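One structure below.
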Amino acid sequence: MFYISYKPRKPKLYFFVIYAIIITLSSCSDDKDLYENIIWNNEDIEITDEEDETIPQIPTDSGDPGDNPLITNSQNLDITALRICFSSDSIMIENPYSEDVVVINVSDGHVIINNKTDEELNYILSGITENGSVNIYGEKKFNLYLNGVGITNPNGAAINNQCGKKATVYLVDETTNRLIDGEEYISINDEDMKGTFFSEGQLIFEGGGTLEIRGKNKHAICSDDYIQISSGNIWIKEAASDAIHANDYVLIEGGTITTRSIGEGIECEKGYVEILGGTVEIITIGKKGHGIKSKTTTLVNTTGTINITTYGDASKGFNSEEDMEIINGTIYIQTAGDAFWEEEEADISSCAGIKCDKNLNIYSGDITIISVGSGGKGINITGDLNIYNANLIIYTTGDQYVYDRNNDTAAKAIRVKGDLIIYDGVIKIRTYKTEAEGLESKSNFVIKGGNLDVRAYDDCINAGTHIQIDGGYIYCLSSANDGIDSNGTLSVTGGIIVSAGTTSPEAGIDCDNGNFEITGGIIIGIGGDTSTPTSRLCTQPSVVFKTSSSNVSTVYIESDSGEQALVFKLPVTYSRSITLLFSSPELKSNTNYTIYTNGDISGGSNYFYGIYTGATYSNGSSVGTFSTSSMVSSVGSNLNRPF
């Protein structure tokens, strides 16, 4: 008998104190039923025998949302400030400062503000203009209040901040504000104007009001420094390039941000992106138009939600060029574009819900990723992927993308070039088309715990070097290949595994000709074939049963003394011969067993994907016997792999 126990620890990563899960496996006394002594990590795990889910579809783009009539609803702000109020035929200016402090110039509806001192000033904008702008100069930080203002500039930025210092933008409570630029800009003294709201300095957004922006030329909000959103409702209805674009970093602490762009939803050109709060909803509609793109690192640690939909070919939900961490948050990502061949890079570029060029660490959160285009990935990592704990759901429905006979890519749920380690969590994977694997590591794949339900067209779990399973509850069902496939070696020290591949030569568990070590756990592998455990490395008995009979529905293994070792209902029906690999602490050394098939199971409970506990088995046919006097036993016909 054994327990699977979970003990938390608190490793330090980045500058946060996080928790991780260490799963250990130990034996205990034989006086209780094996399955009753399993401590479940997730009591709400769903037990299903058949795949009856609807394949998800991504809705078509709903189009550009129109603008409602702007109601400025300006508020009476009792502060000392320069006040600018636009109207259809005039501009009213109230200036409490002397000309030695601030100079105001107005030219054909365009306002230029120049702070001549080191004093921190307040500017308040209100009213509506269809042909105007506000340009701000100075060497001191300032506060800008958008108090029910609508500015359209057909020839440039609506607000152009040429001051390199911090601008705190207050979206005044109960107001709606709108900024629109033109498709073509008229250059003024070669000044940067890279967005509808452009700033040379830092931009900080606060307040409870609403800001609507249409960026017809390039970006909607752009800073050559950093952008911080602490509160407010920012709705970017249109951006010819990026919706939010910063140079140093983007920090979202709160508020509601809704964007629709041809380029990126949020991009940091040189630094990092951090989302620590708020609600973020992003739609991108352009080729390689990523939802959130960071030149360096990306951090998500929020109690809010992030919803990203990308409709362009090779677009990504998150694209981080360095490490990425997800500590908490509810994240929903949909990608609808196809892969394509990039001539300049001589490589295939495809969609991904999360693309990270270094390492990704997932500590917690609810993450759902759906990719429907050819070659699309759920998660695509160049470095290592560590999943400490999360509710993770990934669907890929796209087919393989083929450029030529030497270049192609398949739609895979998780693809990792480095090591992939799962410590804990509930993970649900579905893939449907050619060569679409579930979880793939080009190096080492380690499962220490968690609940995994992986149903893939190709291999459910694949590793290039080694697979190690130390714990967890793992269900694999492949439509066209192996359930679990290591191109090198494989070791199992614990956990509950039900892995179903397809008919011969595919297997429930395959490690080519590498070492296959079993020292613990409950392992059931079903398919047309299997890799045979390496006797000299194993400390727990196993049996390989092969039958030429078709349509086997149940398998029952009982000792000569009448003790049940296995009551199992196959998750799928095989029309050809099957091979079943079984290993469990219930197989006692030096004991004789009989295998029965196609009997009736009554009573008890479906403990884990066809494994029954407390059930009665009757009317089965005896198909062979074996003894556990050797570490690996064999029963049946056509066994074609050496022990």
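As the structure is a computational prediction, the values presented were derived from the model and not from experiment.
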Residues passing the side chain to side chain donor-acceptor pair (under 3.5 Å) test with Ser441, sequence neighbours excluded, are none

With the side chain counted from C-beta on, respond yes when Thr493 and Ile469 share a heavy-atom pair under 4.5 Å apart, and no when they do not. no

Sorted by chain and residue number, the side chain to side chain contact (heavy atoms under 4.5 Å, CB included) partners of Ser261 (sequence neighbours excluded) come out as Ala239, Ala243, Thr284

Considering residues at least two apart in sequence or located in another chain, which fulfil the side chain to side chain donor-acceptor pair (under 3.5 Å) criterion with Thr554? Tyr617

Mind checking what makes salt bridge (charged side-chain N to carboxylate O under 4.0 Å, His left out) contact with Asp61, not counting sequence neighbours? Arg260

Just jot down the side chain to side chain contact (heavy atoms under 4.5 Å, CB included) partners of Gln468, sequence neighbours excluded, or say none. Val446, His466, Asp470, Ser491

No-hydrogen, no-angle side-chain donor-acceptor test under 3.5 Å, Thr434 and Asp399: yes

Stepwise side chain to side chain contact (heavy atoms under 4.5 Å, CB included) check, Thr503 with Asp529: CA-CA 7 Å; Thr503 54; Asp529 207 342; over 6 Å; no

Where Ser294 and Val273 come nearest, the two heavy atoms and their spacing: OG-N, 3.6 Å

For Gly521, does its backbone N or O pair with a side-chain atom of Gln540 as donor and acceptor, under 3.5 Å? yes

Who are the side chain to side chain contact (heavy atoms under 4.5 Å, CB included) partners of Thr305, not counting sequence neighbours? Thr279, Thr330

Do Ser371 and Thr335 have side-chain N/O donor and acceptor atoms under 3.5 Å apart? yes

Donor-acceptor under 3.5 Å (Thr579 side chain, Gly528 main chain): yes

Rounded to the nearest 0.5 Å, what separates atom OG1 in Thr309 from atom CD1 in Ile58? 7.0 Å

So salt bridge (Lys or Arg N to Asp or Glu O under 4.0 Å) across residues 279-297, not counting sequence neighbours, yields Lys288-Glu342, Lys295-Glu321

Have Thr296 and Glu322 got a donor and an acceptor in their side chains that come within less than 3.5 Å? no

Give, for atom OH of Tyr473 and atom CG of Leu452, the distance between the pair rounded to the nearest 0.5 Å. 12.0 Å

Contacts of type ring-ring contact (aromatic ring centres under 6.0 Å, His included), residue Phe318, not counting sequence neighbours: none

List the steps and the verdict of side chain to side chain contact (heavy atoms under 4.5 Å, CB included) for Asn487 and Thr465. CA-CA 6 Å; Asn487 297 323; Thr465 303; over 6 Å; no

How long is the span from the OG atom in Ser479 to the CD atom in Glu506, to the nearest 0.5 Å? 12.0 Å

Indicate yes or no: at least one non-hydrogen side-chain atom of Thr256 is less than 4.5 angstrom from one of Ile234. no

Mind checking the CZ-CG spacing from Phe445 to Leu420? Nearest 0.5 Å is all I need. 4.0 Å

Please tell me whether Ser315 and Thr310 have a donor and an acceptor in their side chains that are separated by less than 3.5 angstrom. yes

So, the side chain of Lys433 versus the backbone of Ser374: is there a donor-acceptor pair under 3.5 Å, distance only? no

Provide the closest heavy-atom pair for Ala411 versus Gly398 in the form atom of the first, atom of the second, distance. CB-O, 3.4 Å

Looking only at atom types and distance, does a side-chain atom of Asp313 sit under 3.5 Å from a main-chain N or O of Asp338, one as donor and one as acceptor? yes

Roughly how far, to the nearest 0.5 Å, is CD1 of Ile387 from CD1 of Ile367? 8.0 Å

Residue pair Tyr401, Ile348: steps toward the side chain to side chain contact (heavy atoms under 4.5 Å, CB included) verdict: CA-CA 9 Å; Tyr401 172 82; Ile348 296 172; 3.8 Å; yes

Residue pairs meeting salt bridge (Lys or Arg N to Asp or Glu O under 4.0 Å), one or both in residues 356-372, sequence neighbours left out, come to Lys355-Asp357

Asp424 side chain to Asn389 side chain, donor-acceptor N/O pair below 3.5 angstrom: no

If you define the side chain from C-beta out and look only at heavy atoms, does anything of Thr489 sit under 4.5 Å from Asp512? no

Residues Glu517 and Thr519: side-chain donor-acceptor under 3.5 angstrom: no

Among residues two or more places apart or on two chains, list those pairs meeting salt bridge (Lys or Arg N to Asp or Glu O under 4.0 Å) that have a residue in residues 375-387. none

His290 side chain vs Asn319 backbone, donor-acceptor pair below 3.5 Å: no

Counting the benzene-type ring for Trp, do Tyr457 and Tyr432 have ring centres under 6.0 Å apart? no

Which one of Asn481, Asp485, Asp510 satisfies the side-chain contact (heavy atoms from CB on, under 4.5 Å) criterion with Asn462? Asp485

Partners meeting side chain to side chain contact (heavy atoms under 4.5 Å, CB included) with Ala456 (sequence neighbours left out): Thr431, Cys460

When you measure from the side chain of Lys316 to the backbone N and O of Ala314, does any donor-acceptor pair fall under 3.5 Å? yes

In the structure I gave you, are the side-chain heavy atoms of Val426 and Leu392 within less than 4.5 Å of one another anywhere? no

Can you tell me if Ser443 and Asp419 form a side-chain donor-acceptor pair at under 3.5 Å? yes

Hey, can you tell me if Tyr475 and Phe608 have their rings parallel, tilted or perpendicular (30° and 60° cut-offs)? perpendicular

Using modelled atom types and a 3.5 Å cut-off, is there a donor and acceptor pairing between side-chain atoms of Ser531 and backbone atoms of Cys511? yes

Minimum heavy-atom distance Ala410-Ala436, with the two atoms named: CB-N, 4.3 Å

Quick one: CG on Leu251 to CD1 on Ile275, what's the gap to the nearest 0.5 Å? 9.5 Å

By ring-ring contact (aromatic ring centres under 6.0 Å, His included), Phe568 pairs with (sequence neighbours left out) none

Looking only at side-chain N and O atoms, does Glu264 offer a donor or acceptor that is under 3.5 Å from a partner on His245? no

With side chain to side chain contact (heavy atoms under 4.5 Å, CB included) as the test, would you mind laying out the steps for Leu566 and Ile524 before giving the verdict? CA-CA 10 Å; Leu566 176 66; Ile524 299 176; 3.7 Å; yes

Please walk me through it: do Ser542 and Ser583 pass side chain to side chain donor-acceptor pair (under 3.5 Å)? CA-CA 4 Å; Ser542 59; Ser583 180; 4.9 Å; no

Test your reading of the model: is there a side-chain donor-acceptor pair from Ser584 to the backbone of Glu586, 3.5 Å cut-off? yes

